Amino acid sequence: MRLSRYFLPLLRDDPKEAEIASHRLMLRAGLIRQASAGIYSWLPLGFRVLRKIEDIVREEQDRAGALELLMPTIQPAELWQESGRYEVYGKEMLRISDRHERAMLYGPTNEELITAIFRDAVKSYKDLPRILYHIQWKFRDEIRPRFGVMRGREFLMKDSYSFDLTVEDARKSYNRMFVSYLRTFARMGLKSVPMVAETGVIGGNLSHEFIILADTGESEVYCHRDLIQLEPPGADIDYQGDLAPVIEAFTGKYAATSEKHDAESFAREVPAKDRVTARGIEVGHIFFFGTKYSEAMGCKVQGPGGDLVTVQMGSYGIGVSRLVGAIIEASHDDAGIIWPQSVAPFDVGLINVKAGDAATDAACESLYGKLETAGLSVLYDDRDDRAGAKFAAMDLIGLPWQIIVGPKGVASGEIELKERATGARHSLTVESALNRLLQSSREASKEAA
RNA sequence: CGGGGCAUAGCGCAGUCUGGUAGCGCACCUGCUUUGGGAGCAGGGGGUCGCAAGUUCGAAUCUUGCUGCCCCGACCA
């Protein structure tokens with residue numbers, strides 16, 4: 001993509017409404033614009049990141065055996081009256097009525113809808129277990145939206161729902177999602193720590209929050225140091241096999257958010273040197289709630305003995321749009337965003353230091369073609385602007401690699417490769433720079449595999 | 001919902017107290033000079049001063065009502 005033809009409105013100054021780093025940087029780097037409190041438009045660069053995150057979530061859901069579908073944003077109120085949550089949910093639910101004065105709502109979550117779909121379609125235990133998911137916009141009319149996309153009112157969420165015949169089977173589904181979450185966040189360059197959590201309005205008695213550690217995180221978290229060092233399972237993990245050992249490894253040691261934190265247990269269970277107190281951001285939340293909805297909504301199947309069995313359910317959420325902010329919170333510096341390669345909107349930024357200089361232009365054009373041909377996505381700054389402004393812009397938007405091409409280098413047959421995360425620069429030939437980038441790209445996809 | 005603050009050009013702000021032709025920096029356009037870490041000079045474009053009513057010869061400025069946004073708290077993927 002040539003920057004001269006792209007839509008990338010950058011801001012030099014911080015908009016005054018943005019308090020935290022991710023919100024500031026998302027506005028400044030031209031990722032989002034606010035439409036209303038807690039409601040955002042995604043500009044081209046931000047949308048590319050959102051898509052990348054969505055893709056990783058989708059791949060890991062599919063790998064775990066979950067099936068993608070798509071439910072609507074608008075739901076009829078009757079379903080929520082069936083479960084009893086129409087009254088419980090309160091003002092957080094955006095209630096609307098259509099032209100026939102029929103009560104509708106903009107879905108804050110989808111337990112009712114998916115339960116109705118499953119109930120109407122499945123009658124036999126032979127069709128269990130199943131995990132269904134979708135990635136869809138939700139709306140929760142937060143009392144006070146803040147922190148940009150981290151606590152928006154409209155947000156993109158992946159939510160999965162599991163259906164099982166027995167509690168034991170349901171626990172296996174829960175474990176599958178648990179493992180899939182570990183992999184999902186790790187692939188985005190995040191250290192996630194599962195923590196025992198409150199179940200809140202979703203209900204149930206088993207629940208984990210997936211917290212990523214970031215200095216500017218919203219909640220205080222406490223855990224054993226070992227949990228942070230744990231490596232997530234590889235892509236070869238057998239989701240049909242016994243996942244219990246993995247779950248034990250990740251849940252066997254102390255980890256709690258401030259709501260569940262117990263200072264005495266923390267002190268007793270964790271040696272002082274291993275006690276980690278940090279800030280965290282919740283990026284995923286999984287629940288097992290048994291028959292809460294299936295009971296209320298009559299979701300039953302016939303078991304092997306011919307008897308009717310109420311289905312055991314769980315639900316599993318990932319805040320996709322929140323992750324964009326969370327990743328930035330975990331990965332930025334004074335100059336701007338530092339995208340992990342797996343979610344970067346482009347793999348590499350190509351800077352033409354002297355646009356208009358024939359030799360430099362030609363070198364950039366040639367390199368641009370080679371990079372694209374090699375399968376790398378490139379944002380080529382071909383604008384007629386000063387070098388300093390281009391460097392600042394490229395640092396701000398945070399692509400993992402920058403290739404800097406100027407007249408001096410062109411004359412000596414070398415270009416400069418800069419790694420955004422470390423700031424390290426190397427003068428290289430075009431060929432070795434290409435190799436270096438391709439190698440880094442291969443390593444990134446190996447992590448995914 | 002309680003408390004506080006803000007609303008003037010795309011972004012950041014001054015002007016409001018004390019009413020009298022709407023300003024500054026950045027960004028944007030044109031020209032010249034510059035050219036490896038957010039250049040300089042000159043010229044220029046862009047505003048119904050959040051909305052509505054009122055007071056007044058005259059309102060960004062005073063009064064009243066409304067709306068939006070931000071911060072703190074309670075609430076939360």
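The sequence lines fix the lettering, A, B, ..., with proteins before strands; numbering per chain opens at 1. Treat the numbers as computed from the prediction; the structure is a model and nothing was measured.
- When the side-chain nitrogen and oxygen atoms of A/Q34 are compared with OP1 and OP2 of B/C70, one or more of them lie within a distance under 4.0 Å.
- Residue A/E259 contributes atom CD, which lies 11 Å from atom P of B/A74 at whole-angstrom precision.
- The same atom, C1', is picked in B/C49 and in B/C62; the two are 16 Å apart, to the nearest Å.
- Between A/S432 and A/H426 the shortest side-chain heavy-atom distance does not fall below 4.5 Å.
- Near RNA chain B, meaning a heavy atom under 4.0 Å from it, residues 40-47 of chain A has no residue at all.
- Across all strands shown, A/G317 has no heavy atoms under 4.0 Å from either base or sugar-phosphate atoms.
- Relative ring orientation between A/F266 and A/Y254 is described as tilted, the plane-to-plane angle lying within the 30° to 60° band.
- Taking atom CD of A/E142 as the reference point, atom C1' of B/A74 lies 13 Å away to the nearest angstrom.
- In the interface, the side chain of A/R144 is not paired with the base of B/G2 through any donor and acceptor atom under 3.5 Å apart.
- Residues from residues 341-372 of chain A lying near RNA chain B, meaning a heavy-atom separation below 4.0 Å, are A/V353 in numerical order.
- Between A/D159 and A/Q136, the side chains place no donor N or O within less than 3.5 Å of an acceptor N or O (distance only, hydrogens not considered).
- Partners of A/Y380 according to the ring pair (Phe, Tyr, Trp, His ring centres under 6.0 Å) rule, which considers only residues two or more places apart in sequence or in another chain, are A/Y368.
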Collect all protein-nucleotide pairs involving nucleotides 28-32 of chain B in which both atoms are nitrogen or oxygen and the distance is under 3.5 Å.
none

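- A 3.5 Å limit on both hydrogen-bonding distances identifies no Watson-Crick or G-U partner for B/C49.
- The distance from atom CZ of A/R383 to atom P of B/G36 is 16 Å, rounded to the nearest whole Å.
- B/G36: no Watson-Crick or G-U partner with both key distances under 3.5 Å is found in any strand.
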Less than 3.5 Å apart, which donor and acceptor atoms pair up between the side chains of residues 385-393 of chain A and the rest of the protein, not counting sequence neighbours?
| residue | atom | partner | partner atom | Å |
| --- | --- | --- | --- | --- |
| A/K390 | NZ | A/N352 | O | 2.7 |
| A/K390 | NZ | A/D381 | O | 3.3 |
| A/K390 | NZ | A/R383 | O | 2.5 |

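- When the P atom of B/G38 is taken as reference, atom CZ of A/R386 falls 8 Å away, rounded to whole Å.
- With a 3.5 Å ceiling on both atom-pair distances, the Watson-Crick or G-U wobble partner of B/G25 is B/C11.
- Judged by the 6.0 Å and 45° rule, A/R322 forms no cation-pi pair with A/F155.
- Note on A/S36: a side-chain N or O is less than 4.0 Å away from OP1 or OP2 of B/C69.
- With contacts defined as side-chain heavy-atom distances shorter than 4.5 Å, the pair A/H332/A/R24 does not qualify.
- The partner of B/G31 is B/C41, judged by Watson-Crick or G-U wobble contacts that both fall below 3.5 Å.
- Residue contacts shown for A/K418 include a base, since a base heavy atom lies under 4.0 Å away.
- Using modelled atom types and a 3.5 Å distance limit, the side chains of A/S83 and A/E111 yield no donor-acceptor pair.
- A tilted orientation is assigned to the rings of A/H134 and A/Y161, their planes being inclined by 30° to 60°.
- The base-pairing partner of B/G2, taking Watson-Crick or G-U wobble contacts with both distances under 3.5 Å, is B/C72.
- When both distances must be under 3.5 Å, the Watson-Crick or G-U wobble mate of B/G58 does not exist.
- Across the C1' atoms, B/A60 and B/U21 are found 14 Å apart, a figure rounded to whole Å.
- A ring pair (Phe, Tyr, Trp, His ring centres under 6.0 Å) with A/W80 holds for exactly one of A/Y86, A/Y106, A/Y89; it is A/Y89.
- Between A/H208 and A/Y174, the angle of the ring planes lies from 30° to 60°, which puts this pair in the tilted group.
- Across all strands shown, A/I404 has heavy atoms under 4.0 Å from base atoms, whether or not it also approaches the sugar-phosphate.
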Quick test: give all pairs of protein nitrogen or oxygen and nucleotides 10-15 of chain B nitrogen or oxygen below 3.5 Å, distance rounded to 0.1 Å.
| residue | atom | partner | partner atom | Å |
| --- | --- | --- | --- | --- |
| B/G12 | OP1 | A/K16 | N | 2.9 |

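- Look at CZ on A/R146: it is 19 Å from P on B/G5, rounded to the nearest Å.
- No cation-pi contact links A/R85 to A/Y293, judged by a cut-off of 6.0 Å to the six-membered ring centre and 45° from its axis.
- Taking the side chain as every heavy atom from C-beta outward, A/I56 and A/S342 approach each other to under 4.5 Å.
- Pair assignment for B/U18: none, as no Watson-Crick or G-U wobble contacts are both less than 3.5 Å.
- By the 4.5 Å heavy-atom criterion applied to side chains, A/Y181 and A/P194 are not counted as neighbours.
- Under the 3.5 Å distance criterion, with hydrogens and angles disregarded, no donor-acceptor pair is assigned to the side chains of A/T257 and A/E209.
- Residue contacts shown for A/A387 are limited to sugar-phosphate atoms, with no base heavy atom under 4.0 Å away.
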